[in-house]
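Below, chains carry the letters A, B, ... as their sequence lines are ordered, and counting in each starts from 1.
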Number of protein chains: 2
Amino acid sequence: MVTLEDVARHAGVSLATASRVLNGSTRQVGASLRAKVELAATQLGYRPNVAAQALARGAGNVIGLVVHDLVDPYFAAIADGAMRVAESRGLVVMVGTTHRDPEREIAYVSTLNAQRVCAVLLAGSRTADPHVTRRLREELDRYREGGGRVACVGQDLLDADTVVPGNAEGAAELARTLAGLGHRRFAVLAGPAGLVTARDRVAGFAGALAGLGLPAPRLVHGPFDRDGGYTAAAGLADGITAPDEGVTCVFAVNDVMAVGALAAFRDRGIRVPQDVSVAGFDDIATLRDLVPALSTVRLPLQDMGARALELALDPVEEARAELVTGEVVLRESTRRVGPQAPG
Amino acid sequence: MVTLEDVARHAGVSLATASRVLNGSTRQVGASLRAKVELAATQLGYRPNVAAQALARGAGNVIGLVVHDLVDPYFAAIADGAMRVAESRGLVVMVGTTHRDPEREIAYVSTLNAQRVCAVLLAGSRTADPHVTRRLREELDRYREGGGRVACVGQDLLDADTVVPGNAEGAAELARTLAGLGHRRFAVLAGPAGLVTARDRVAGFAGALAGLGLPAPRLVHGPFDRDGGYTAAAGLADGITAPDEGVTCVFAVNDVMAVGALAAFRDRGIRVPQDVSVAGFDDIATLRDLVPALSTVRLPLQDMGARALELALDPVEEARAELVTGEVVLRESTRRVGPQAPG
DNA sequence: GCAGAATCGGAAATCGTTTTCCTGGAGGTT
DNA sequence: AACCTCCAGGAAAACGATTTCCGATTCTGC
C-alpha cells in the first residue's frame, strides 16, 4: 500500500509538505512543490489511510447508525434519510442491526464507541425494561464522555437529542377521525406489551376514544411485524363475525402489522372495508399500492432520520426533543359506517 | 477518553501487558496481573481505539457495502444477509448508497479504500457504460493491490468473486411457464436500456419466447422503480384494450415495477389477471401480500448477500462466480388463458 | 544444585498521519 | 544597511494501539 511517505519521497519533499498538500491544511505550500506532490500522488495512486488520519487528528468522519432491522421499510427509510445528510457532509455511515435484541443494541453502541465514530444515531423503539435501558444509557454516557454525540429517533428516554414521532398524538387523531366515520367499537393490534412505540400508539388511541366517551378498544398483543399482525387479526376474526362483539374497525399499530391483518381477513373471507375497517401507522411508501389502500398515519420517516443526524452533528449543550407530528391519511381500507342502534 | 496507557498505569503494569490482556494475543499473562488489568479496564471504562488498532495491526474489522438504494427492498434484503454474516464474524459494516449514480459508486469504493476496509461488497446492477465500468475497475484494482478483497452481487464484470443471480435463466423459465399457461403475446416492462440486470432479464425472456416460436415481446423501457413500472404500464394500457394487439401477459423486470404496473392497470379499470396477467421478478418479501399476489421469480436475496460476503472473506486466488438460480412462483396475478385462434 | 528451557514482564520500535515548532530567506520599513 | 516581520519548508513529536526483542524469573530434569 502506498503511503504518504512514498509520495513525499517520490516528489522530493518532506512528509509535512505532502500532508499539507494532500489533505486540507490551513498552511499554504508553494505552487511548484504543490504540483509535484499532486503529481506523485496520482501517479502512485495514493489513498490516505483514514485510520491513521483519525488517530492523528483525533476525529474521524464516521457516524454510527443502529436500527432494528434494515428489511423493515420503516428503518430503511430512516436510514436512508440519515445517510443522505451524512453523504452531503462527507461522512460515512456504519450501520448495525439489532434484530430487536436490546443486548445487541448495547453491544453495538460499545462497538461504535471503539470505532470512535463522531456521532451515533439510535433508531427505533426500545423495550420498557428499565434494566436494559439503564445499561444502554451507561454505555451511551461513556461514549459521550469521550466527546461523542448521540441522537435518537423514537422516544426520548436517553436524554440525548431526539426526534420524537407523535405516536400518541397521531394515534389519537386517527381514533377521532375513525370515530368521525361512525365507528364505535374498535380492536387494536397492539404489538408487544413492552415496546414503547407500540404502547404510546395504543395509549393515544385508547385515550382519544375515552375522551369521546366511546368504549375501550379490545387489545390484542403480539409481535410487531407482519406475521404478528396476521396472527393477532386471526384471533380477532371470530369477534368480528360474531354480531355481539360488533367491532367495526381494527387499528394495527404499524403498517406492516396492518398488512398481516389484511391478509388474515382475506384468508377468512372477511372483506375490508365492507366487513371491517383497518388502519395502520407509518405510511410505508412500499406499501402504498396495497389493495385496499391502507388508511394510516403518515410519518416523514426519511426527514426524521435526516433531522436526527443534523441534531447529532450540531453541537449544543442541552438535549433537544423535536416532535414530528403524523398526518392522518384516509384511504380505502376504512369506510364510513351508518349510525348504530344504541347498546 | 481513557487510553490503554491509562489502564496500564492504573493497574501498575506496562503497556505491553495491558495490551496482551485486553486484546487477543498469543502470549499469556499471569493471573494476578491479568486480573488487575481487567479490573482497571472496567473501572475506567476502557474502550480500545479501533483506529489505532487497525493502524498497528495493519488490518481492520470493517467491511464496506455499496448498494444502490436501501429503501429498495431488493437491496435491503441483500444488505441484511451480508450484515448477518458480518456480525457473526465480529465485523462491522459500512454502508454506502449510490442512488444509482455510477460516479458515486466509484467514489464510494475510493472512500472504502481509504478506510482500509478488509472487504468491499458491491451489490446491484451496473450500467453498461464501458467508460464508467473501466474507472470502477481501476479503483477496485487499486484497492485490491493494497490487499483488499472484493465481491459482487450481480453480474460478473469485475473479475471479482461474484454471486450471479440467474437473471436470464430465471426470466427464460418464467417465459416458458407463462407460455405453458397459454399466453402467446407478451409485453415486457424492460427498465432502463443500459442496466445490465434489466437487459439480462429481458434477453432471457425474449430468448425463451423465440425458442418456443412465439412472437417477440413488445418492449417498453423506463426507470427501474415503481413509478417507472406505472408509467410503462400506462403506456401499454391502450395496447391491451385494443384487440388487435392482443397482449395477454406483461412481464415487469422486477417486482417493484410490477407493483407500479398493477396500480396503473387498476387505475384504468384493467383487471389483473382477468384482462391481463402480470409477472415480476425477485419475490420481494414485503410485497407478498399484494392483491392480486404477484407471480414472480424468487431469488434468495438474503442468502445471496450472505454468500457474497463469505466469498469475499474466504481468501482464494482466482475469482469465483456462483450462479444462484431463481425459482418461478406462480400466484394470482397470472392466469391460464384458453387456446387462441391462429394468427 | 545446576544447565537449559520455558515463560512472563517491560522497554522501545512501529504503523501512517497531523501538527507543533524551528529555521532560513524574502520582503518591507526606517 | 540594519532590523523586523512573514512565510514556506522540514524535523520531530504526538496519536493509541501492537509487537519484537531482551532480561529476569521460574520450572524441569538430571
- Message: Check B:R307 with B:E310, please: is the shortest side-chain N to carboxylate O separation under 4.0 Å?
- Response: yes
- Which residue, B:A51 or B:R27, contacts DNA chain D at a nucleotide closer to its 5' end, judged by nearest heavy atom? B:A51
- Task: Specify the separation, in whole Å, of atom CG of B:L4 and atom C1' of C:dT14.
- Result: 15 Å
- Task: Measure from the side chain of B:R57, starting at C-beta and using heavy atoms only, and say which of C:dT18, C:dG9, D:dT18 lies closest.
- Result: D:dT18
- Query: Does a nitrogen or oxygen in the side chain of A:S19 sit under 4.0 Å from OP1 or OP2 of C:dT18?
  - Reply: yes
- Closer than 4.0 Å, any side-chain N/O of A:S14 to the OP1 or OP2 of D:dG9? no
- Note on the structure: From the candidates D:dG10, C:dT18, D:dC15, the one with an atom nearest any side-chain atom of A:Q53 is C:dT18
- How close or far is atom P of D:dC7 from atom CG of A:L33, stated in whole angstroms? 17 Å
- Message: Please report the distance, rounded to the nearest Å, between CG in B:N49 and P in C:dT17.
- Response: 16 Å
- Below 3.5 Å, does any donor atom in the side chain of B:R20 face an acceptor in the base of C:dG10, or the other way round? yes
- Query: For the pair made of CG in A:L15 and C1' in D:dA12, what is the distance, rounded to whole Å?
  - Reply: 10 Å
- Query: Are more than 12 heavy atoms from other residues, nucleotides or ligands located less than 6.0 Å from atom CD of B:E317?
  - Reply: no
- Query: The side chain of B:L55 lies closest to which of these nucleotides: C:dG16, C:dT17, D:dA17?
  - Reply: C:dG16
- Among B:D72, B:D69, B:D225, find the residue that satisfies the salt bridge (Lys or Arg N to Asp or Glu O under 4.0 Å) test when tested with B:R100. B:D72
- A:A56 side chain: which of C:dA11, D:dA8, C:dG16 is closest? C:dG16
- Message: For B:R84, is there an ion pair with B:D80 - N to carboxylate O distance below 4.0 angstrom?
- Response: yes
- Message: Once you apply a heavy-atom cut-off of 4.0 Å, does B:G30 come out as touching a base, just sugar-phosphate, or nothing?
- Response: sugar-phosphate
- Would you mind classifying the nucleic acid contact of B:V50 as base, sugar-phosphate or nothing, using non-hydrogen atoms under 4.0 angstrom? nothing
- Hey, is the side chain of B:N23 poking within less than 4.0 Å of OP1 or OP2 on D:dT18, counting only N and O atoms? yes
- B:A52 side chain, from C-beta outward: closest of C:dG9, D:dA17, C:dG16: D:dA17
- Message: Which residue is it: B:I63, B:D161, B:V117? I am looking for the one with a side-chain contact (heavy atoms from CB on, under 4.5 Å) to B:R149.
- Response: B:D161
- Taking atom types as they are modelled, is there a donor-acceptor pair under 3.5 Å from the base of D:dG16 to the side chain of B:R47? no
